[in-house]
Amino acid sequence: MSKKVNPQPPEELTGIKSDKPKKVAAGIPAVVSSLKHIREAMPIGRGLKTLGKLNQEGGVDCPGCAWPDPDPKERSSIAEYCENGAKAIAEEATTKKIKPDFFKKYDIATLSEKSDYWLGKSGRITQPFILKEGQNHYEPIEWEDAFTLIAKELKALSSPDDAIFYTSGRTSNEAAFLYQLFARHFGTNNLPDCSNMCHESSGVALSQTLGIGKGSVKLEDFYAAEVIIVMGQNPGTNHPRMLSALQKAKRKGAKIITVNPIKETGLLAFKNPQKVGDVLSSGTSLTDLYLQVKINGDIALLKAIMLLLNEKEQATKDIFDKAFIEKNTVGYQAFIKDLSQYNIDELVEESGISLAQIKEAVSLLEKSSKIIVCWAMGITQHKNGVANIKEIVNLLLLKGSVGKVGAGTCPVRGHSNVQGDRTMGIWEKPKEAFLAQLQATFGFDPPRHHGVNVVDAIKVMHDQQDKVFFAMGGNFLSAAPDTEYTAKALQNCRMTVHVSTKLNRSHLIHGKVALILPCLARTEVDKQANGKQFVSVENSMGIVHTSRGHLKPISKHLLSEPMIVACLAQKTLGEASKVDWLKLVENYDAIRDLIEQVIPGFENYNKRVRQTGGFYLPNCARDGDFKTLSGKAEFTVTDLPKHSLEADDFLMMTIRSHDQFNTTIYGLDDRYRGIYNERRVVLMNQEDMKRMNLKSKDIVHLYNYFEGVERVARTFVVVPYDIPKQCVATYFPEANPLVPINKVADKSHTPASKSVVIKIKK
Ligand SMILES: Nc1nc2c(c(=O)[nH]1)N[C@H]1C(S)=C(S)[C@@H](COP(=O)(O)OP(=O)(O)OC[C@H]3O[C@@H](n4cnc5c(=O)[nH]c(N)nc54)[C@H](O)[C@@H]3O)O[C@H]1N2
Ligand SMILES: Nc1nc2c(c(=O)[nH]1)N[C@H]1C(S)=C(S)[C@@H](COP(=O)(O)OP(=O)(O)OC[C@H]3O[C@@H](n4cnc5c(=O)[nH]c(N)nc54)[C@H](O)[C@@H]3O)O[C@H]1N2
Ligand SMILES: [Mo]
């Protein structure tokens, strides 16, 4: 009998070492850490070559986060990267390889007992592999045979909607456009993507209130802002280059307010590792007012701030931007009426912030009219994620802080091209105008009914047998909520296919047949029939620019993502498609010409993308033209979220350590938080620990009972931490087994992975 395959990361502890959290981010330790990761992964020459090209004009777009590059004139002459960009490169451009002997040596069950860290460190996948039905070892397969097999399975489905095409946000515009074209030509809008688990709440809230699902600010706006609020985001780890922007904004006079349950080092003080003067100094302090809210206390806090602002407005009439409100918005009266019903004491209680601190925030905001609010997962991944963002918009609208220089919305995106993928049509709910344009350009009738998002895809695969699951990148099993439930969903599939660079747990929890299709990485030269190609991506602020790999591919058997889609489409659709798929990938200019025909804002794509720094996509909110249903920016009345916690319940946020990129584990340290060599930790308030009779380093097990189902993640080390009472933090993906599949944000269906109610037991 074959051994059991484990969908959860192994429970073994690695031996925690702890220290005090750091007070300053980056500086020399960041440089040392970058070089260490590079040195371990590849020869130093290859490493330096890659780092030198990172985020430079004509170079490669960092495969890490989506933070924009400064103007080409202002980019650092040494390199425009950060410690975690260097780690992303070390991970991707590593010279370690997975070859057939690797899978001969390890069967699936043995691999499932290895940590995510170990799996990632085993190297780049060098050729296609198949796990045949009933087998325990992956074995090599020829590309041609792989495509034939997948096409056969797809064609055998009783409906195109029995196929699911997932995308992770590293996929280029060119690959994403072809991929959605293929899926829709095949007959389905089942295009869930990592956005569904990430900034979907931002997209939904911003579309409804401001008429565009993207942020409105440009990088220059940071340098003209009076107040910048950073909510539910840890840029020191996840968007380190944002710290340089905050530092510059600060030097130009901006005040920074941070809203976060824990003190994140990057938001306290920063030394730019690329500036000698900075490294020698004690660092720039960043946050002026640090508001340590309770988890999900943001609406209470925002309401409290706006309630006090409104009191002043009623007295002095000079706090709100009345001219802006009258000309550009709807819903002001109803909003003020609702706001006025709240009692400040209740809001203080629910937010966890003292009245004195709320008043400090009010005094920073009252006279300012140029306010930027930045946010990320601490805001989007709650049941009320969409409402959180609508409340942020309310504040900005009161102050006339949208659609002008130095002000606006700044949802800080995750993956380097997650925003571009959506622009290219990776969406389960496409707009009619987009589909009509596909139809006019390609002469087929795209399906009109909506497809499934991530959570619905999991439920469908869980409840029905024999789907085909195809993933363009990502690590679906580990990124998704409710690990055991999602595992069953994938195991029910007829076939699971992953286009990947590295091995991950999704390759081990598979359908009856599983394939791994290895692709070129961003950093590698992409040579097609017409010579070397570049791809294009869109950053968090709507700039489209090129990314060009310079390294020799790690194996000659790799195909580019566009080529993989083209081969698959050609094999699956055959005569049914008038698109000459293989011709399109000879020269990616041909793909961009088609994107230009279908998607507004890409006029002259091939010319403009080659301009220095790329080009901005149109953004109506930035221009103060709000394309909502009412034609104006909309105030929203939101409810105050309440958590009725029992005395032994805790609200858990699942967050990223400093040594990971989502499910890719770079190392076992979380340097800024002072936690070393362990990922299975639960950060707890000391008083709660006392109350629960727990000591530092005690081993506990975590439980969730949403809808009467017991979910458990075992063996976590208790770490005392400065965090509000009844709030705890764990790392993603170790704690994902506890995130209930059915607890999602209203309207956006994003798993509520920042407000998981748990019990902690010894
Ligand atoms: N190096 C690195 N870079 C990355 C990533 C990575 O894993 N590693 N991931 C990328 C991706 S896909 C994304 S989406 C982004 C993620 O970027 P972040 O959103 O910064 O990532 P998280 O670690 O999820 O951090 C959430 C932050 O919100 C806070 N928080 C949690 N709950 C609440 C709450 O209720 N209210 C408030 N106000 N704050 C709260 C947490 O304390 C934490 O500081 O980063 C991207 N960049
Ligand atoms: N509990 C909890 N769960 C979460 C979150 C959370 O905060 N808490 N965050 C959510 C968020 S914000 C996101 S975005 C998702 C992330 O979900 P995903 O995007 O699915 O996960 P990643 O870990 O980013 O995917 C990593 C894998 O991508 C593959 N890969 C890397 N580079 C490339 C490439 O260039 N091409 C291809 N084809 N493959 C590549 C590698 O094989 C690697 O193993 O997770 C979500 N899940
Ligand atoms: Mo994300």
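Read the numbers this way: they start at 1 and go in the same order the structure lists the ligands and their atoms.
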Less than 3.5 Å apart, which donor and acceptor atoms pair up between the side chains of residues 228-235 and the rest of the protein, not counting sequence neighbours?
residue, atom, partner, partner atom, Å
Gln233, NE2, His239, ND1, 3.3

Which atoms of ligand 2 are found less than 4.0 Å from any heavy atom of Cys519?
-> 36 (N), 37 (C), 38 (N)

Check [X] against ligand 2 and report side chain, backbone, both or neither, counting heavy atoms closer than 4.0 Å.
X      : result
Asn736 : side chain
Asn504 : side chain
Glu92  : neither

Those residues that, when tested against His37, pass side-chain contact (heavy atoms from CB on, under 4.5 Å) (two or more places apart) = Ser33, Lys87, Ala90, Asp659, Tyr666

Atom 36 (N) of ligand 1: nearest protein contact (heavy atom, Å) = Asp298 OD2, 2.7 Å

Arg170 to Phe661 six-membered ring, cation-pi geometry met (6.0 Å, 45°) | yes

Hey, are Arg671 and Glu83 close enough for a salt bridge, meaning a charged N less than 4.0 Å from a carboxylate O?
-> yes

Considering the options Thr380, Thr638, Val204, Thr409, which one meets the side-chain contact (heavy atoms from CB on, under 4.5 Å) requirement together with Ile389?
-> Thr380

Considering only heavy atoms of Gly414, which atoms of ligand 1 have at least one such atom less than 4.0 Å away?
-> 10 (C), 11 (C), 12 (S), 13 (C), 14 (S), 15 (C), 46 (C)

Determine whether any heavy atom of Arg656 lies closer than 4.0 Å to an atom of ligand 2.
-> yes

Side chain or backbone of Gln233 under 4.0 Å from ligand 1, or both, or neither, by non-hydrogen atoms?
-> both

Verify, without hydrogens or angle tests, whether Ser122 (side chain) and Leu119 (backbone) share a donor-acceptor contact under 3.5 angstrom.
-> yes

